[in-house]
Amino acid sequence: MKYKELIDKMTLEEKASLMSGKDFWQTQDIQRLGINSIFLADGPHGIRKQAEAADHLGLNESLPATCFPTAATLANSWNEQLAETIGDYLGREAVAQKVNVLLGPGINMKRNPLAGRNFEYFSEDPYLAGKLAAGMIRGIQAHGISACVKHFAVNNQEERRMVIDTIVDERTLREIYLTAFEIAVKEGETKSVMSAYNMLNGVHTNENNHIMRDILRDEWDFQGVVVTDWGGSNDRVAGLIAGNELEMPGTAGETNREIIEAIKNGTIKEELLDEAVDRMLDLIFTTEEVYAKPYKQEFDMEEHHSVAQKAAEESIVLLKNEDQILPLKKGVKAAVIGEFAEKSRYQGAGSSIVNPTKLDHALAGFEESGITMIGYEPGYERYGKPSKSKIAKAVELAGQAEVVLLYMGLDEVTEAEGLDRQNAMIPQNQIDLLDALYRVNPNIVVVLSCGSVVEMPWIDKVKGLLHAYLSGQAGAKAVLRILSGETNPSGKLAESYPIRYEDTPSYRYFPGKEVSVEYREGLFIGYRYFDTADVNVRFPFGYGLSYTTFEYSGIEIGQDGVSFTLTNTGDRDGMEIAQLYVGCQSDSIFRPAKELKGFVKVFLRAGEQQRVTIAFDDKTFRYFNVKTNKWEVEEANYSVMIGASVSDIRLEGTLFVEGTGAPLPYNKEQLPAYYSGKTNYVEIGEFEALLGRKVPVSTWDRTRPLGYNDTIAQCQYAKGGLARLAFRLLSFAYWFLRKTGKRDTANLIMMSVYHMPFRGVSRMTGGMISMPMLDGILMIVNGHFFKGARHFMKERKKLARSTTGKK
Ligand code: BGC
């Protein structure tokens, strides 16, 4: 142990006190031993340091900080170096605000387009997400502070997010849901990891020895600290056993006492606590070093704003460009339509929300952009209300223009932490507007702003489509530069766009509504499914256009990597993202037809050419064998493919690779859907064959009393009349708020109350409601009103006595 001497001086109480927060954002200090508090703050695309009232839902304002493009946007840059630069700038701001641990990046896989936090995550591909995250972590940690990669792991839906049990087979877990974390830990060397809210195969992730001990600590050799997600701790002692050092937020010492008790009664050894304390001390001491010397307490807001703009320019994706409508010809008369042009849509809601230092809006930037704007009309109500008069005015303007620039997308209330989206459509009032505009002017360019996949049944009505995603506080300017041709677009999609949401492989198994969610589609998420099962998509993974063209030639495949020549064959300078995909030609073990194993982004002047190499690494040919319980390589011929997207392979060759000689893991006859890749419908029996065990019952047992891990929503079938009434009132409030247009407040009910397990009532109230008091509440919920009320009052008095020290 690094800090043994210091730990020897600590009392048991002092050691335990480091295992949970002092308040909502800070760790406990022990002044007599020179141990200070450190500060943890969100988040992934900008600092959210709350100076006053604290919350984990982004309700109370935070200090101004640069709002960089969200992860879903930045991922389209496919630029690890750019991610590192953003990390560097995040790090500078974190230091200026005296933050020790920055709670990001978030790297969960985009299993389903409707998952509420997709805008905060990078990709549906673990390799791409892992590489970008590693870059960002290096950038942040270069400042001496800690990044905190989250949410570990398999946290892919918001519905019942604190209790849902994800049922996933071991190979899918390793290859899809853990690989990005593996890269973040090994290559990014993150100093801390945030465990997820959900359960994994029956155990809370924070208590899950398999991922927390066997994999994170033993296999990946992670030496840092595991922090719970806010309120995510279930059984504190089980968490500690699994290697969770820090519970957040604080519980006024209640859970520290549980740890002390467990040591006293022999459930755990004190050495286990000492090891956790040692790692906590390392986090505290190493991340406060930067503040011991003079450090920059300010940052150059203008410089940071322009870095945010550069990042947006590299991340925006040109999806359609019929008749080369873009870039806009000089002097062409443009009608600007859509409220998002006036008031940018640039980030999502929830704990990642940033209070930007400034905010660009398109409308204010037209003059400088050189685009000739003949007028502006909002065209629609931001939050979906139909408006004939707004459409009429917009149509009138469009009729006078040579080109229509239509700003559309999702509103900020639709893309929020804590809530999955209900469908993949953009609001009907915007589609009605587009239809009406098309009738008077077919030269339409859409600028789309949203952080997750949407259906585009309207695409034939537009000639140009620029996907701005959620491009941060400087995104509006970045869009204008691309429209005007000042910047050549170079982003490519980091996720697939299905034609219809129903085409998504997890469509039938998302979200889990009651006890669990079954990942029956297995490995085949995103392009791994569409490409293998031959399902047409609107836009494939890795797709994006440029104002120039690129040619690929001269492939050479060696044992260590693949080389080829890229030529810019157009008349503009530009950047191309070339992608390496690998597919195994043997069919003994089922696999996706192609998997991303490398990528490179190259800048080429018009007419220039360059020889590029993508090296193979330990992930190029591996698969996880469930028989040997290890990564193995199958001896076979492999297709090595270089593509401009997953569906646009430009160069291809074959390489024979020696294997590790592991026994074949599967019985092919039992797994027909997996061997065909068509896993959008998998019978339960086949899923069980893959899992190697029975699938647990996925629905609630409505006859048993409600407990700590049941949610407030489950009060609907509680024995206690009061609980059922409370549920009805809650549902009414939700319905009423939505009806009256207060969707954000309605969402808040969903996020912070409806899906909250009872244990959260105690864990999130900073010690105001103890677990024994919660027992009283549960008695009331379960129909024992008087007994419960008495118990509650008795425990409340006890708590008051223990905090005031009175007998
Ligand atoms: C989110 C985390 C966030 C934390 C603190 C939680 O609700 O899931 O991503 O870092 O709150 O705000």
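Both counts, for ligands and for their atoms, begin at 1 and track the order of listing.
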- Numbering as shown, the atoms of ligand 1 that approach Tyr197 to under 4.0 Å (heavy-atom distance): 6 (C), 7 (O), 8 (O)
- Message: Both conditions, 6.0 Å and 45 degrees, for the charged tip of Arg111 above the ring of Tyr519: are they met here?
- Response: yes
- Query: Closest non-hydrogen protein atom to atom 12 (O) of ligand 1, residue and atom name please, with distance?
  - Reply: Asp42 OD2, 2.5 Å
- Any heavy atom of Arg117 under 4.0 Å from ligand 1? The part involved is side chain
- When the ring planes of His304 and Phe68 are compared, do they come out parallel, tilted or perpendicular, using 30° and 60° as the limits? tilted
- Looking at His151, which atoms of ligand 1 are within less than 4.0 Å of one of its heavy atoms? 2 (C), 8 (O), 9 (O)
- Task: Please indicate whether any nitrogen or oxygen in Trp230 is less than 3.5 Å from any nitrogen or oxygen in ligand 1.
- Result: no
- Message: Looking at every non-hydrogen atom in both residues, tell me the closest pair between Pro113 and Thr504 and how far apart they are.
- Response: CD-CG2, 3.5 Å
- Lys150/Asp42 ion pair, N-O < 4.0 Å: yes
- Query: Counting each atom of ligand 1 from 1 as listed, which ones have a heavy atom of Lys150 under 4.0 Å away?
  - Reply: 2 (C), 3 (C), 9 (O), 10 (O)
- Task: Compute the minimum heavy-atom distance from Trp25 to ligand 1 and say whether it is under 4.0 Å.
- Result: yes
- Item | Nearest protein heavy atom with distance in Å, relative to atom 11 (O) of ligand 1 | His56 CB, 3.4 Å
- Item | Ring geometry between Phe181 and Phe152 (parallel below 30°, tilted from 30 to 60°, perpendicular above 60°) | perpendicular
- Task: Establish, yes or no, whether the cationic atom of Lys98 lies under 6.0 Å from the six-membered ring centre of Phe39 and within 45° of the ring axis.
- Result: no
- Using the six-membered ring wherever Trp is involved, compare the ring planes of Tyr469 and His467 and label them parallel, tilted or perpendicular (cut-offs 30° and 60°). parallel
- Item | Atoms in ligand 1 flagged as close to Arg48, the criterion being non-hydrogen separation under 4.0 Å | 12 (O)
- Task: Would you mind running through ligand 1 and noting each atom that sits below 4.0 Å from a heavy atom of Glu417?
- Result: 1 (C), 6 (C), 7 (O), 8 (O)
- Query: Only one of Tyr507, Tyr501, Tyr509 clears side-chain hydrogen bond (donor to acceptor under 3.5 Å, both in side chains) with Asn112; which?
  - Reply: Tyr501
- So which heavy atom in the protein is nearest atom 2 (C) of ligand 1, and how far is it from that ligand atom? Asp229 OD1, 3.2 Å
- Item | Arg138 and Glu80 ion-paired at < 4.0 Å | yes
- Note on the structure: The answer for which part of Met194 has a heavy atom under 4.0 Å from ligand 1 is side chain
- Task: With heavy atoms under 4.0 Å as the rule, classify the contact between Arg161 and ligand 1 as side chain, backbone, both or neither.
- Result: side chain
- Which ligand 1 atoms, with their elements, are less than 4.0 angstrom from a heavy-atom of Leu103? 10 (O)
- Query: Met248 near ligand 1, heavy-atom distance under 4.0 Å?
  - Reply: no
- Answer yes or no: is there a side-chain heavy-atom contact under 4.5 Å between Thr70 and Ser352? no
